[in-house]
Amino acid sequence: MAKHEHVRVAVIGSGFGGLGAAVRLRREGITDFVVLERADSVGGTWRDNSYPGCACDVPSHLYSFSFAPNPDWPRTFSGQRHIRAYLEHVTDTFGIRPHLRLNHEVVRMEWDAEALRWEIETSEGSFSAEVVVSATGPLSDPKIPDIPGIADFPGKVFHSARWDHDYDLTGKRVAMIGTGASAIQIVPAIQPRVGKLTLFQRTPPWVMRRMDRAISGPERWLHRALPVTGTLRRGLLWGIRELQVGAFTKHPNELGLIEKLAKANIAKAVKDPVLRAKLTPSYRIGCKRILLSSTYYPAIAQPNVDVVASGLREVRGSTVVAADGTETEVDAIIFGTGFHVTDMPIAERVVGAEGKTLAESWKGGMEALRGATAAGFPNFMTVIGPNTGLGNSSMILMIESQLNYMADYLRQLDVLGGRAALAVRPSAVGAWNRKVQARMERTVWKAGGCESWYLDANGRNTTLWPGTTGEFRRETRQVDLSEYEVIRAPKPVKAVKAVETAAVETAAAKSRTASRKKEAAK
């Protein structure tokens, strides 16, 4: 028989969100939980993205858990290898390994209204859980456009998040599709090796210099000897980014100076005026994520690189054809086309109280109270849910805020006692979403004149948080029970029948007693 395991909490995913949830559960004294992970190791997006040049664009001391500082970061902006090693360290340090269920891909989750629990089917067995915390993250499922003819391409095709390390790019003619955060790291990393690199650019990004450097031995020693210095460093990095938020969310015109610096960055590295024009965006800086690289523009200016200012339209044999008609012969196609962010595949596998999937519920756009709970899905929480993303700071700050909310959610269930669940009221979700979207209208992401992956199919920004991380932490400090309906488990049918039978028998007994009294009175 297939194995079945019942737990109090099931966490889905083992990236920063999932591991953070697991650590927080243990710190709250909850050990009856599992972490369901579809891969064979932890790490999330930092496991999946191992492409050449992969690194974080948030400073290392800010891109780590506050409860697990790392005094030994090797660089101010650390690479994928060191971030993944950090997550493995967190897993071991906080005793998470016994809770891991690796190679367990969630196939379906369904709410059982009678038992008040989630029934979970995975690729390696079934589980049931009183509470589910979904931490699959928005950067987990690669998005590859449906390009006519791609299936018949005779060369190599892969996505940046599924890098084929066995394929040697040396001397090859390579097409790089996309100019997002991954592409600007891949291009300078592979440019010296490939024979010819053709970059397909629908929209140029704004790119600032990345002030990356090795962290010296004395610095690391100081952070180990005096941990408060690492805390102060983190606080300074956080404070600077909090001060920037107003320009993104309220006063986009204040970003003009940053735009001039970005243009100067292009002019310094790219001397060809035609190429420089191709690389200069026409939208307000910040509308798309500002990218950081000191090597992107110098690599593009090399003679073995061509920039096609158009997206990929079709593939004819080994020829790639751009939307503007440009044709190029290539040996390999690399997609740096992002992820399913506003249409996360996990939502298709979650079936709520009304028999609808989360994807169906979110058909008009993702929305969840405080980015955590969706109407119609009791005892189900999302980490890095709708409108919790950031455009200028560390997502770890948002994750930790949501973990505060998760912890209080579980405390409230404890206080309620018995078999109970919390179902967020649709009115609370609606009110929260209207407030968020109203604030979004003033932001550079909405008014900056670009189309970005922040926007869903309806043109709504359901990805980013239009405020500071400090404000979000205050909003998620505790659960407001007035925003939820408390659901109690229905009485078992047998118990109900027993009560009804007892009531009938009691009524009959009273009737007989009354009759005897009447007879005696006569």
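Each residue takes its place number in the sequence, starting with 1.
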Quiz item: What is the distance from atom CZ of R276 to atom CD1 of I300, rounded to the nearest 0.5 Å?
Solution: 13.5 Å

Exercise. May I ask you to decide if G470's main-chain N or O and E242's side chain share a donor-acceptor pair within less than 3.5 Å?
Key: yes

Quiz item: Rounded to the nearest 0.5 Å, how far apart are CG of L464 and OG1 of T388?
Solution: 9.0 Å

Quiz item: According to the interplanar angle, ranging from 0 to 90°, do the rings of W163 and H165 count as parallel (below 30°), tilted (30 to 60°) or perpendicular (above 60°)?
Solution: tilted

Quiz prompt | Salt bridge D331-K156, side-chain N to carboxylate O under 4.0 Å | solution = no

Self-check item: Expected output: side-chain S60 to main-chain R75 donor-acceptor under 3.5 Å
Solution: yes

Exercise. Take Y63 and F77, measure what ring pair (Phe, Tyr, Trp, His ring centres under 6.0 Å) needs, and give me the verdict at the end.
Key: CA-CA 9 Å; Y63 199 77; F77 291 87; over 10 Å; no

Exercise. Would you sort out whether F339 and W453 count as a ring pair (Phe, Tyr, Trp, His ring centres under 6.0 Å), showing the intermediate values?
Key: CA-CA 9 Å; F339 301 84; W453 57 268; 8.6 Å; no

Quiz prompt | More than 12 heavy atoms from other groups under 6.0 Å of CZ on R202 | solution = no

Exercise. May I ask you to decide whether R101 forms a salt bridge with E124, counting only side-chain N to carboxylate O separations under 4.0 Å?
Key: no

Quiz prompt | NZ/NE/NH1/NH2 to OD/OE distance under 4.0 Å, R97 and E88 | solution = yes

Quiz item: Does P386 reach the side chain of W362, with side-chain heavy atoms less than 4.5 Å apart?
Solution: yes

Quiz item: Quick one: CZ on R193 to CG on D168, what's the gap to the nearest 0.5 Å?
Solution: 6.5 Å

Exercise. State whether W465 and R439 meet the cation-pi test: NZ (Lys) or CZ (Arg) under 6.0 Å from the six-membered ring centroid, and within 45° of the perpendicular axis.
Key: yes

Quiz item: Under 4.5 Å between any side-chain heavy atoms of V383 and M406, yes or no?
Solution: no

Quiz prompt | Contact check, side chains of R26 and I96, non-hydrogen atoms, under 4.5 Å | solution = yes

Quiz item: Relative to Y167, does K172 satisfy both conditions: NZ or CZ under 6.0 angstrom from the six-membered ring centre, and within 45 degrees of the ring's axis?
Solution: yes

Practice problem: Say whether, by atom type as modelled, one donor and one acceptor occur between the side chain of H104 and the main chain of L102 under 3.5 angstrom. | Solution: yes

Quiz item: Just checking, is any N or O donor in the side chain of Q80 or S50 under 3.5 Å from an acceptor N or O on the other one?
Solution: no

Self-check item: Electrostatic pair R313:E327 at N-O distance under 4.0 angstrom
Solution: no

Quiz item: With a 4.0 Å cut-off, would you call D408 and R477 a salt bridge?
Solution: no

Self-check item: From OG1 (T231) to NE2 (H61), nearest 0.5 Å
Solution: 10.0 Å

Quiz prompt | Carboxylate-amine/guanidinium contact K196 E329, below 4.0 Å | solution = no

Quiz item: If you measure from the Lys or Arg side-chain nitrogens to the Asp or Glu carboxylate oxygens, is any gap between E451 and K288 under 4.0 Å?
Solution: no

Self-check item: The single option from H159, R162, M176, K143 passing side-chain contact (heavy atoms from CB on, under 4.5 Å) against F335
Solution: H159

